[in-house]
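Here is the structure we will look at, set down as structure tokens.
Throughout, a chain's letter reflects where its sequence line sits, starting with A, and its residues are numbered from 1.
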Amino acid sequence: EEQQLRFDRMIADEVRIEPRDWMPEGYRRTLIRQIAQHAHSEIIGMQPEGNWITRAPSLRRKAILMAKVQDEAGHGLYLYSAAETLGVDREELLDLLHQGKQKYSSIFNYPTLTWADMGAIGWLVDGAAIMNQVPLCRCSYGPYGRAMVRICKEESFHQRQGFEILHTLSHGTPAQKAMAQDAVDRFWWPSLMMFGPPDSASTHSAQSTAWGIKRFGNDELRQRFVDMTVPQADVLGLRIPDPDLRWDEATGHYAFGAIDWDELDRIIRGDGPCNAQRMERRRTAHEEGAWVRDSADAYARKHAAAATT
Amino acid sequence: EEQQLRFDRMIADEVRIEPRDWMPEGYRRTLIRQIAQHAHSEIIGMQPEGNWITRAPSLRRKAILMAKVQDEAGHGLYLYSAAETLGVDREELLDLLHQGKQKYSSIFNYPTLTWADMGAIGWLVDGAAIMNQVPLCRCSYGPYGRAMVRICKEESFHQRQGFEILHTLSHGTPAQKAMAQDAVDRFWWPSLMMFGPPDSASTHSAQSTAWGIKRFGNDELRQRFVDMTVPQADVLGLRIPDPDLRWDEATGHYAFGAIDWDELDRIIRGDGPCNAQRMERRRTAHEEGAWVRDSADAYARKHAAAATT
Amino acid sequence: ADPLVAYLVGLGDDALILAQRLGEWITRAPQIEEDIALGNIALDLLGQARVLLSHAGEVEGAGRDEDALAYLRDEREFRNVCLVEIPNGDFAVTMARQLVFSAYQYELWTALRNSTEPLLADLAAKAVKEVTYHRDHATQWVLRLGDGTDEGHRRMQAGLDRVWPYVAELFAADDVAAQLPGVAVDPPSLLAPWTAYVEDVVARATLTVPTPTWHSRGGRRGLHTEHLGHLLPEMQHLHRAHPGARW
Amino acid sequence: ADPLVAYLVGLGDDALILAQRLGEWITRAPQIEEDIALGNIALDLLGQARVLLSHAGEVEGAGRDEDALAYLRDEREFRNVCLVEIPNGDFAVTMARQLVFSAYQYELWTALRNSTEPLLADLAAKAVKEVTYHRDHATQWVLRLGDGTDEGHRRMQAGLDRVWPYVAELFAADDVAAQLPGVAVDPPSLLAPWTAYVEDVVARATLTVPTPTWHSRGGRRGLHTEHLGHLLPEMQHLHRAHPGARW
Amino acid sequence: MVTATTPRPPAADATRLRDVAGAVPDPEIPVVTLDDLGILRGLEVAPDGTVEVTLTPTYTGCPATEVIAADVERALREAGAPRVVVRTVLAPAWTTDWITEAGRAKLRAFGIAPPSGAGPVAAPGTVALTLSARCPRCGSLHTREISRFGSTPCKALWSCRDCGEPFDSFKAL
């Protein structure tokens, strides 16, 4: 119909779709799913780092880490609000998360075993996230695109802090340097998996690209990430745990080894080291907080009623 | 009547009263109260030491401490059984404890703030307890007296371990020695209070003495404890925190400073640093364990029924 | 020992230990807003602690920085009041503690704006603004829980009951403060305005001000609850495991 | 690294970490008998750990004694299976873990009585007797809870569900053991007798053997759950806070 | 990069260096500079050429403060300062009133509502009053606060009831 034509024209002209504009149901559903997954990832992603707040090795690092985890919660809220402009509400989305019907990024199913993991997450995981997210700043859906602009800026700050943690460790005592290398060894491959399966195996992509939601293929973004990160590892004095990694003059890119997609599959299926723990913590927080939210609602109703009578 | 005369004669002849013997109601009640309070003290007394099991500074000390706390639980059970020979049962006595209607030794309302407190408790608190308990080995009530024989043997072992902890600390690093001195500073006066108020202010004593339950006055036992302990402090190289402490040639005893009975009163009234915490821990363990005990009972009934049908 | 150092350390430890406790909430709060709010309050307190402990180290002049003071002291050397070290309990216990402490800090920093010690006065001017938010946050929650559902009311009253034994210690006369006229605040002088504020909130929340039968004492002299001895290992472990390392 | 050292450390860490967890129960058990029983089991495990770690230190020959190994290693250097480090949960979770672990240790020590390494064989002869009691204790409780009240049944099943994801790791083929034929036991060889025993108990308790969707891995390679990182600070703090001190 | 003879900046260079320092972007909201935020309190060049910079943190616990100090130091060195000392002062306490008009415009353009109104009212017995934030996208005042505390300590999260846009609002301090 006319609406569809108008929508298609806006997409073609790169005019942003806004909440009050008509949009096809598939577009709306795709966006809800993607924004919700992104929001869930921010919320669940607080856990691996939150795990070290009470143990941060200096007050300065403790403050930085607390601020970072808080940022993630803020980004989560922000994204849930963006999703709400599409006509769902946060409670529904959280329920879907808690029931396991919506996902979050698999990277957060790895445990944070040492302080250096705070560095590796900042440098590699946030680095990969930014690589994925920068193109979303141009997303056809206005509220999401604008949210991403601000989120990406803050994430860059986080990535810089992660890099700095690793830099300090790799230039510290031998034990600190070993800790940094160990963290990179554990987080390197999972970070590459964050770009998703190879394009040849990826679903959803074509339609998302047509709708101006997705701008680049998984493999292309992954390659960019590797190209950006390898020289940074040299600055850090840390080794990328890939014997096949080498500069390829012909392509002008780094070639890298085969990714263990079975591991990603296993984790997506729920058999990762922390899937159960992350979900349990989230559900427990939600359930144990029910009486708090209920009481706040009751108070609000009571006083709203009082104000109008 | 005749029973009373027979009872009085047994007491006079130092023949032990046994569970099946007739005894006056007051004697029975006094014993139940005293044995229960003693049992409760063993159980509550597990907490200040249990607090350090997870943090013991060597595996050897951890094993010794675990064994000690376990001994205390064993003594508690043993004493509850002794009380049960007087026609109450353990559940009743625990209920009275949980309701605050029966007491336990006030000494356990002080916190254990450092590892050295494990030493001070062994040396001073167990030392004072033994001083109080040795005369009870001759208690007119058979089961209690025999229980005390066994318990005193084990407590002596504990006291020796406490002494050894302090000895190691006071001959260790300056920080360790300071820790030991600090523990003695905090536990000295409360240990003296363990003998109870001055005889001039003590209730119950006369009748208990007549019944062959109590053998010595509070002040006499306290003096014996001071006389025994002060030379041990010299061996430890630790200072007793009492500026008035001195050897009195005339009496052949150590003279010591005034005890702050207000502090003891306050703690007995419930205003001690850990009263609330100790009781809460005990009640919580009991309440959270209710379903476990219930299920075990149900299982026992089910299988007893099955065995007889 | 220099009373100024002791005073700064006492206030710094209050802020540090409460920040540590609030940090335990993060990822466990009843709603995401509260993960943020509690994190934010913790961050403010951590900021206060860093300023106070750094300055204490400078005044002491023995080369201890904020981290040496936070990570390398033992339990008996901490000078915080016992209130801040008690376990978080449920959200109501935490909000009761927040109400008590933020209303106390509000009066404290308000008074310290006139301290003759420049750093304290400067910090106070800044902190009083932050603490105004903290106090408002706690107030709103005490109202919502106390005057919301029956369960909220019951739990909030239990929360007040749990923390009230630790209140008197905040306002107890303090040797250290007494030695610093003009610099420090006399804790008893804060009681009246604190009571006025808190009793009003408790009443509006349809709750009852508890009358505890026992009171904590001695945190400022290093006599703590047993809880602190379990908080410090977690907080200090990594720092102590790598002596001399930079982070 | 010497595989014998690694093997001894692995078994020693299993016993040490579980002893630490069981130690947390003391003064919190559902009845005093259980304070004693759990303390007793913890003490047996601690005894095994001390023998194993001391011997590992001797074989290694680098001057590390049992305390150096227990207190001065970091999380990534611990070699225990993940099962023993998970939090205690309620009594049913602890009993589920005890059933799984004591039945495993029963088979392990039974087999190790024939180890060609004399210390292991000697320890095994003694430990198998202790573990027989542990297994019996856990068995009795799984029966009482599973076949007692409805709440007991529900909680006991939840306890099994909680710990079963950590079972497979106990029986996973192990590089280290593979390098020590005659000395070590091949973990997969213990699975059949373990399964026979445990499935019988679970069935008699009217419970169901869980079929978990995920499995722990990697404890023997130092890849632990996040829980271990909170257990170790508590365990090691005091020892580390006084470098070089004797206790 | 080290040149053989580092030119010593003349005292008159202080103005230029002040501009350099003031142009350093905030690390978390890089669309605004330190000058925009009003957190650069002073810059002096000592006779020996040492540049002394005075900053004030937005919040006592703001972890960006140290990063800002490092960024200022680097920017000044690149601009030729031989030695830079950055001091953080708490007084006078920073207030959102110090954010410049230009800074406010940039924040708005970035989708952050600049601060308006006041913090919670301190007087006991009154309901804390928070003024509505203006939607930086459509300009509506028909907005609601979602979270008093936002992703960074200085911001709260709001959403617009008219255009739906979620937005950060700089908290008045």
OH/D:Y71: more than 12 non-hydrogen atoms of other groups inside 6.0 Å: yes

Within residues 82-101 of chain D, residues adjacent to chain B where the heavy-atom gap is under 4.5 Å: D:D90, D:F91, D:A92

Interface residue of largest heavy-atom contact number with chain D, from B:E164, B:Q47, B:R282, B:R281, under 4.5 Å: B:R281

Interatomic spacing from OG1 in D:T149 to CG in B:D294 - rounded to 0.5 Å: 6.5 Å

Top of B:A67, B:G50, B:A296, B:G172 for chain D proximity - count of heavy-atom pairs under 4.5 angstrom: B:A296

Residue D:A42 versus chain B: region with a heavy atom under 4.5 Å: both

Contacts of residues 12-21 of chain D with chain B (heavy atom under 4.5 Å): D:L16, D:A19, D:Q20

Portion of B:R55 that has a non-hydrogen atom of chain D nearer than 4.5 angstrom: both

Contact leader toward chain D among B:A285, B:S295, B:A298, where contacts are heavy-atom pairs under 4.5 Å: B:S295

Residue among B:I53, B:N51, B:L169, B:L77 with most heavy-atom pairs under 4.5 Å to chain D: B:L77

Close contacts, residues 231-247 of chain D versus chain B, judged by heavy atoms under 4.5 Å: D:E234, D:M235, D:L238, D:H239, D:H242, D:A245, D:R246, D:W247

Options B:T173, B:V292, B:T168, B:T54, ranked by heavy-atom pairs under 4.5 Å with chain D, top entry: B:T54

Top contributor to chain D interface from B:H171, B:E288, B:K62 [non-hydrogen pairs under 4.5 Å]: B:K62

B:L59 backbone acceptor or donor facing D:D67 side chain under 3.5 Å: yes

Choice from D:L43, D:L53, D:I26 maximising heavy atom contacts with chain B below 4.5 Å: D:L43

Exceeds 12 heavy-atom contacts within 6.0 angstrom, atom CG of B:D234: yes

Segment of B:M179 engaging chain D (4.5 angstrom heavy-atom cut-off): side chain

B:D71 side, atom CG; D:I36 side, atom CD1 - distance, nearest 0.5 Å: 9.0 Å

Spacing of OG belonging to B:S58 relative to CZ belonging to D:R50, to within rounding of 0.5 Å: 7.0 Å

Contact origin within B:R301 toward chain D - heavy atom pairs under 4.5 Å: neither

Residues of residues 126-145 of chain D within contact distance of chain B, non-hydrogen under 4.5 Å: D:W141, D:L143, D:R144, D:L145

Nearest-0.5 Å distance that lies between atom CG in D:L38 and atom CE in B:M66: 10.0 Å

Point-to-point distance, once rounded to the nearest 0.5 Å, from NZ of B:K302 to CG of D:D147: 4.0 Å

